[in-house]
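Data block below; observations after.
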Amino acid sequence: MTPRLAWLICAAAIAVLLGHATAATIVVDCGPYPDAATAAQSEQSVGWNDANPADDIACTQCFAALELQHYLRLACKAPDGFPTADDQSAPAGDLILVGGPESNAVSKALWPRIPGLATPPQQDEAYLLRSADVDGRRVLILAGGGRVGTLYAAYDLLHRLGVRWYAPGEVNQEVPALDLRTLPSLDVLEKPAFATRGFHAWENRGDPEFLLWMARNRLNYWCVEQEPKGLLHKLGIQMVGGGHI
């Protein structure tokens with residue numbers, strides 16, 4: 001099988017899932033925030049270095065949910081599709097669950113009912129993608145070992161659908177048109193082969209588009225001089241110091 005054919009089969013399989021789920025609800029824990037949109041943009045007020053991880057998790061995972069929503073709407077030409085909901089109740093219909101049983105109450109409730117579902121990954125940046133039929137609905141779980149792993153799970157799913165970010169900026173992204181009407185069987189477990197993936201640099205030389213491009217390609221290593229710090233925390237980018245010493 002050629003790599004091109006394998007990619008087409010994979011994309012077609014995933015299209016099955018989301019095709020059946022064009023009205024699917026993206027469920028995520030909003031934590032202390034009123035909705036996913038507020039949580040996703042809260043990075044400047046999150047206590048990233050305190051002992052309470054609830055706002056950290058909500059900020060990153062809600063951002064993952066909003067990234068999924070944005071690109072699925074573009075790909076499906078469905079500007080009002082894929083609504084988000086808090087995890088305190090399971091909406092009717094098909095579900096895309098952002099976060100595993102440690103960070104999403106609906107994932108926790110459904111986890112034991114999915115045969116053969118692996119133990120959640122333990123490494124923060126590892127993740128799994130798993131689809132299943134539960135009570136006549138389609139469910140897709142994106143579960144990271146930590147909040148950054150869940151963000152990477154969202155980007156992995158989009159990448160498998162054909163979304164690409166070749167360079168910073170919207171002009172350098174590719175979003176295929178998808179006619180999503182079929183249902184796949186998706187069972188993926190990933191973990192990074194390298195602990196650090198990025199660039200050694202200095203100075204506040206990046207910008208938000210560059211940092212987003214890094215995260216979307218699962219890069220995590222950049223400079224401690226970069227601002228705003230909250231955005232780097234949200235995206236799971238390490239802030240590294242050092243140089244000619």
Side-chain angles (χ1 to χ4, degrees), residues 26 28 30-31 33 35-50 53 55-75 79 82 84 98-99 124-127 142 144 146-176 190 192-245:
I26 301 172
V28 64
C30 299
Y33 303 98
D35 52 54
T38 303
Q41 300 303 321
S42 66
E43 64 265 22
Q44 293 306 108
S45 61
V46 167
W48 294 107
N49 298 312
D50 63 20
D55 54 350
D56 311 34
I57 294 169
C59 181
T60 296
Q61 295 195 161
C62 286
F63 181 72
L66 268 290
E67 287 279 86
L68 274 176
Q69 182 188 66
H70 173 70
Y71 284 102
L72 293 177
R73 284 176 170 180
L74 284 179
F82 304 98
T84 61
V98 178
D124 180 61
E125 294 183 352
Y127 56 86
L142 289 69
R147 60 182 179 83
V148 179
T150 300
L151 178 64
Y152 288 169
Y155 289 137
D156 186 329
L157 174 62
L158 292 170
H159 189 272
R160 290 168 188 270
L161 284 168
V163 179
R164 296 291 185 273
W165 300 277
Y166 293 114
E170 185 175 331
V171 69
N172 296 305
Q173 72 183 20
E174 180 178 295
V175 182
E190 291 281 354
F194 298 94
T196 55
R197 308 169 303 279
F199 310 96
H200 184 73
W202 199 244
E203 302 173 345
N204 183 23
R205 65 176 69 184
D207 60 24
E209 288 289 352
F210 170 73
L211 299 174
L212 279 170
W213 172 81
M214 284 186 63
R216 288 165 175 166
N217 288 283
R218 286 167 278 173
L219 301 176
N220 69 356
Y221 184 97
W222 187 237
C223 171
V224 71
E225 294 294 305
Q226 183 66 53
E227 298 291 344
K229 296 289 193 294
L231 179 59
L232 282 91
H233 280 297
K234 178 172 80 171
L235 299 177
I237 297 176
Q238 301 174 30
M239 288 168 267
V240 184
H244 301 287
I245 57 174

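Positions are given from 1, in the same order as the sequence printed here.
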* **Distance-minimising heavy-atom pair for Cys59 and Val46** => CB-CG2, 4.0 Å
* Asked: Excluding sequence neighbours, so at least two apart, what forms salt bridge (charged side-chain N to carboxylate O under 4.0 Å, His left out) with Arg197?
  -> Glu125
* Val98 and Thr84: side chain to side chain contact (heavy atoms under 4.5 Å, CB included), yes or no, with the steps? -> CA-CA 10 Å; Val98 178; Thr84 61; over 6 Å; no
* Asked: Just by distance, do the side chain of Trp48 and the backbone of Glu43 share a donor-acceptor pair under 3.5 Å?
  -> yes
* **Within residues 165-176 or reaching into it, pairs that qualify as salt bridge (Lys or Arg N to Asp or Glu O under 4.0 Å) - sequence neighbours excluded** => none
* Asked: What are the two closest non-hydrogen atoms of Gly236 and Val148, and how far apart are they?
  -> CA-CG2, 3.7 Å
* Asked: Once you round to the nearest 0.5 Å, how far does CH2 of Trp165 lie from OH of Tyr71?
  -> 6.0 Å
* Phe82 side chain reached by Leu68 side chain, heavy atoms, under 4.5 Å -> no
* Asked: If you measure from CG on Leu231 to CG on Leu212, what distance do you get to the nearest 0.5 Å?
  -> 6.0 Å
* Beyond-backbone contact of Thr150 with Thr60, side-chain heavy atoms, under 4.5 angstrom -> no
* To do: Taking the side chain as every heavy atom from C-beta outward, state whether Val240 and Cys223 have any pair of such atoms under 4.5 Å apart.
  => no
* How about Tyr127 and Leu157: do any of their side-chain heavy atoms sit closer than 4.5 Å? -> no
* **Parallel, tilted or perpendicular: ring planes of Phe199 versus Trp213, cut at 30 and 60 degrees** => parallel
* Can you list the residues that meet the side chain to side chain contact (heavy atoms under 4.5 Å, CB included) rule with Gln44, with sequence neighbours excluded? -> Pro228
* Residue pair Ala36 / Val28: nearest heavy atoms and the distance that separates them -> CB-CG1, 4.0 Å
* Asked: Roughly how far apart are Cys62 SG and Lys234 NZ, rounded to 0.5 Å?
  -> 10.5 Å
* Distance from Asp124 atom CG to Arg147 atom CZ, nearest 0.5 Å? -> 7.0 Å
* Asked: So among Val224, Thr196, Leu232, which one has a side chain to side chain contact (heavy atoms under 4.5 Å, CB included) with Gln238?
  -> Thr196
* Asn217 side chain to Leu219 backbone, donor-acceptor under 3.5 Å -> no
* Apply side chain to side chain contact (heavy atoms under 4.5 Å, CB included) to Asn204 and list each qualifying residue two or more places apart in sequence or on a separate chain. => Gln226, Glu227
* Heavy atoms, side chains only, cut-off 4.5 Å: are Tyr33 and Ser42 in contact? -> yes
* Exercise: identify the closest heavy-atom pair between Ala58 and Ala39 -> O-CB, 3.9 Å
* State whether the side chain of Asp156 and the backbone N or O of Tyr152 hold a donor-acceptor pair below 3.5 Å, judged by distance alone. => no
* **Residues forming a side chain to side chain contact (heavy atoms under 4.5 Å, CB included) with Arg205, sequence neighbours excluded** => Ala201, Glu203, Trp222
* Asked: Quick one: does Gln173's side chain get under 4.5 Å of Arg164's, heavy atoms only?
  -> no
* Can you list every salt bridge (Lys or Arg N to Asp or Glu O under 4.0 Å) pair that touches residues 207-217, not counting sequence neighbours? -> Glu67-Arg216
* **Close side-chain approach of Asn49 to His233, heavy-atom, < 4.5 Å** => yes
* **Spatial distance of atom CG (Leu74) from atom CD (Gln69) [nearest 0.5 Å]** => 10.5 Å
* Min side-chain heavy-atom separation Leu235-Asn220 under 4.5 Å -> no
